[in-house]
*Asks:* 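Okay, here's the structure, questions in a sec.
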Number of protein chains: 2
Amino acid sequence: MTQSRPRIVPEATVARLAVYLRVLAGLADGGRSHVSSGELAAAAGVNPAGLRKDLSYLGPCGVRGVGYAVAGLQERLTAALGVERSRPCVLVGIGRLGAALADYAGFASRGFEFVGLLDADPARVGDRVGGCTVRPIEELESVVAGTRASIGVITTPADVAQSVCDRLVAAGVRSILNFAPVALSVPAGVDVRKVDLSVELQVLAFLDQQRDGGPPTVVVPVPVPAGGAR
Amino acid sequence: MTQSRPRIVPEATVARLAVYLRVLAGLADGGRSHVSSGELAAAAGVNPAGLRKDLSYLGPCGVRGVGYAVAGLQERLTAALGVERSRPCVLVGIGRLGAALADYAGFASRGFEFVGLLDADPARVGDRVGGCTVRPIEELESVVAGTRASIGVITTPADVAQSVCDRLVAAGVRSILNFAPVALSVPAGVDVRKVDLSVELQVLAFLDQQRDGGPPTVVVPVPVPAGGAR
DNA sequence: AACCGCTTGTGAACGCAGGTACAAAGTCGC
DNA sequence: GCGACTTTGTACCTGCGTTCACAAGCGGTT
Ligand SMILES: NC(=O)c1ccc[n+]([C@@H]2O[C@H](COP(=O)([O-])OP(=O)(O)OC[C@H]3O[C@@H](n4cnc5c(N)ncnc54)[C@H](O)[C@@H]3O)[C@@H](O)[C@H]2O)c1
Ligand SMILES: NC(=O)c1ccc[n+]([C@@H]2O[C@H](COP(=O)([O-])OP(=O)(O)OC[C@H]3O[C@@H](n4cnc5c(N)ncnc54)[C@H](O)[C@@H]3O)[C@@H](O)[C@H]2O)c1
């Protein structure tokens, strides 16, 4: 019963599986029927052996001497990632960032559908963004209950993010993607992922500074031929 | 003088240092003069011992028995992250996402200033977004050269991201933050960080499914992937 | 001035992820 | 039908990151 996990998939691997799935979609559009791990890895920007190890968590799904069947691997990855059917999501805080997300077509094509847009600003309520109408924040609980949304996205100001999070969790949402620059606290059983864009910029600034003031980096004139695009 | 860098700082630590810096800003606003590692760690959502180890990469900067001086630690982190002065950034692709970033006040307060906004759409050129005017993509090289921007942010469609990246690198940009869902290839000496929002959602979907289908047996019924398409 | 309690800083062990190298396996060519 | 080539799948190793646990150091107190 409880030991029914043949293999556990590391979270870092799951993130890469999603990238592979996107690359496969492009290959399928191009009419390709099979791919090798080397080609797939190059397109995804990872090591070929690492890619094979990632895929091996799903069990053998390639053919030795030939490669991976594009269509079959797509199905396998789609099932593994849990996006076989479209997943309903709610988005709270339809400001600049929230509106950009709600209006982005790339999510729907990846299996994510925003079924509820919520905002506290009366001026925003009623706006149509990305095929959905913005509703008042008071309806959060009823929207979550009515749509059985499993994923909540928070793009409100930081000072209200925790209270919005609490309401989402109380309403039954178990997965949260947070763009507000605060550490959310949630009960066990709820998954939170945080996207912190300021942190990304600061890491880049650090690497930049480290390169300048660090070691004598002038000894690497290797002009790497930027390969890839194809 | 400053004993150079006998210690190398792991990238994961750098990302957390940026979070600590933000928490410290909040504490400083609240009038606090000192903080303990436990309190700081709780606010940042990390382990107290890990936080102390992170800070120890910068050398001893706390007082035993008391804690860390808020102001002093802020200065130390600011210097370590290379954001003592405002860093000039260029943003390419002023669409929905790019406009949200350009108009976001949180970057300026963290030491990042968008000094160049570039877009290929003539209808966008001339718009003022976040105190800066959108300029035609042809001026990319001159803007980078004129502002000595060290960080480039790409929010264009995926199919042109690599070419935009190449032009940024050729113009002298050595740090790139990429929002387009493609793996950019760059020469050695250039740092790229990728933000992939679809991947974040898919990881959440996976965790959600794993929680539901974990205890009961959910062996994927796919027997043989032999069936090739086409 | 010396003790005591609190907090930092660090050493060591653990677990995990990534990379390399090799063996298994299946297909294509003859 | 058989050999050889290609590519997968995996075992081993190395390095990094995280956590636990403890000793060192400082302020406050008597
Ligand atoms: N815009 C960016 O580029 C950017 C970058 C990094 C981080 N962020 C973070 O993302 C979040 C949103 O940023 P933004 O630029 O879109 O801000 P914004 O002010 O444009 O949007 C915030 C929206 O949240 C709504 N809101 C406020 N309180 C609410 C509540 N209690 N319930 C529901 N909705 C509420 C507001 O009405 C507004 O529409 C912020 O936390 C910000 O720090 C944004
Ligand atoms: N909007 C989102 O929520 C979201 C989420 C995830 C990923 N993304 C990615 O971010 C990128 C931008 O998304 P968006 O929603 O802002 O798209 P968008 O279409 O609104 O904006 C793209 C902008 O890039 C400009 N552009 C096109 N070609 C260009 C070129 N060669 N040089 C300079 N500028 C050019 C366009 O004129 C447009 O203004 C896309 O790659 C998208 O996949 C967006």
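For the numbers below, each heavy atom of this structure counts, side chains included, while hydrogens, waters and symmetry mates do not. Residue numbers start from 1 in every chain, and the chains themselves are labelled A, B, ... in the order their sequence lines are given, proteins ahead of strands.
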*Asks:* Of A/Gly50 and B/Gly38, whose closest DNA chain C nucleotide lies nearer the 5' terminus?
*Replies:*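 Here B/Gly38 is the residue nearer the 5' end.
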*Asks:* Indicate the atoms forming the closest heavy-atom contact of B/Ile154 with B/Ala161, along with that distance.
*Replies:*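 Of all heavy-atom pairs spanning B/Ile154 and B/Ala161, the closest is CD1-O, 4.0 Å.
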*Asks:* Among the nucleotides D/dT18, D/dT8, C/dG9, which one has an atom lying closest to any side-chain atom of A/Ser36?
*Replies:*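 Among D/dT18, D/dT8, C/dG9, the one nearest the side chain of A/Ser36 is D/dT8.
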*Asks:* Nearest 0.5 Å please: distance from the CG atom of A/Leu17 over to the CZ atom of A/Arg76.
*Replies:*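 That separation rounds to 11.5 Å.
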*Asks:* As a test of reading the structure: which of D/dT19, D/dT10, C/dG9 is closest to the side chain of B/Pro60, going by heavy atoms?
*Replies:*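 Nearest to the side chain of B/Pro60 among the choices is C/dG9.
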*Asks:* Expressed in angstrom and rounded to an integer, what is the separation of A/Leu17 atom CG from C/dA17 atom C1'?
*Replies:*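 Distance, rounded to whole Å: 14 Å.
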*Asks:* Measure from CG on B/Leu51 to P on C/dT7 and round the result to the nearest Å.
*Replies:*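 Those two atoms, CG and P, are 14 Å apart.
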*Asks:* Report yes if some heavy atom in the side chain of B/Ser185 is under 4.5 Å from a heavy atom in the side chain of B/Gln162; otherwise report no.
*Replies:*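 SC-SC contact between B/Ser185 and B/Gln162 confirmed.
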*Asks:* Please report, rounded to the nearest Å, how far the P atom of D/dT6 is from the NE2 atom of A/His34.
*Replies:*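 From A/His34 NE2 to D/dT6 P: 18 Å.
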*Asks:* Counting side-chain heavy atoms from CB outward, which of C/dT20, D/dG27, C/dG11 is closest to B/Val66?
*Replies:*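 Among C/dT20, D/dG27, C/dG11, the one nearest the side chain of B/Val66 is D/dG27.
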*Asks:* Expressed as a whole number of angstroms, how long is the span from A/Lys53:NZ to C/dA17:P?
*Replies:*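 One finds 10 Å between P of C/dA17 and NZ of A/Lys53, rounded.
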*Asks:* How many Å lie between CZ on B/Arg52 and P on D/dA24, as a whole number?
*Replies:*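 Checked: the CZ to P distance equals 16 Å.
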*Asks:* Does D/dT7 have OP1 or OP2 under 4.0 Å away from a side-chain N or O of A/Ser37?
*Replies:*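 For A/Ser37, the contact criterion (side-chain N or O under 4.0 Å from OP1 or OP2 of D/dT7) is not met.
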*Asks:* Whether the B/Ser175 and B/Asp191 side chains hold a donor-acceptor pair (N or O, under 3.5 Å, no angle test) is what I'd like checked.
*Replies:*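 Per modelled atom types, B/Ser175 and B/Asp191 side chains form no pair under 3.5 Å.
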*Asks:* Among C/dA12, D/dA21, D/dG17, which is the nearest nucleotide to the side chain of B/Ala12?
*Replies:*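 The closest nucleotide is D/dG17.
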*Asks:* Phosphate oxygens OP1/OP2 of C/dT20: is one of them under 4.0 Å from a side-chain N or O of A/Asn47?
*Replies:*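 The answer is yes; a side-chain N or O of A/Asn47 sits under 4.0 Å from OP1 or OP2.
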*Asks:* Please determine, for the side chain of A/Tyr68, which listed nucleotide (C/dT10, C/dG18, D/dG9) has the closest atom?
*Replies:*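 My answer, after comparing the listed nucleotides, is D/dG9.
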*Asks:* Using atom CZ of B/Arg16 as one end and atom C1' of D/dC16 as the other, report the distance to the nearest whole Å.
*Replies:*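 In whole Å, D/dC16 C1' and B/Arg16 CZ are 12 Å from each other.
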*Asks:* Taking CG from B/Asp54 and P from D/dG17, how many angstroms apart are they, rounded to a whole number?
*Replies:*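 It works out to 10 Å between those atoms.
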*Asks:* Starting from P on D/dT6, measure out to CD on A/Glu39 and report it in whole angstrom.
*Replies:*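 Atom-to-atom, A/Glu39 to D/dT6, this comes out as 16 Å.
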*Asks:* Consider the side chain of B/Ser56, meaning its heavy atoms from C-beta on, and name the nucleotide among C/dT20, C/dG9, C/dG18 that approaches it most closely.
*Replies:*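 Nearest nucleotide to the side chain: C/dG9.
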*Asks:* Heavy-atom nearest nucleotide on DNA chain C for A/Arg64 versus A/Glu11: which residue maps closer to 5'?
*Replies:*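 It is A/Glu11, whose closest nucleotide lies nearer the 5' terminus.
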*Asks:* Side chains of A/Arg110 and B/Ser198: donor-acceptor distance under 3.5 Å anywhere?
*Replies:*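 Note: A/Arg110 and B/Ser198 side chains miss the donor-acceptor criterion.
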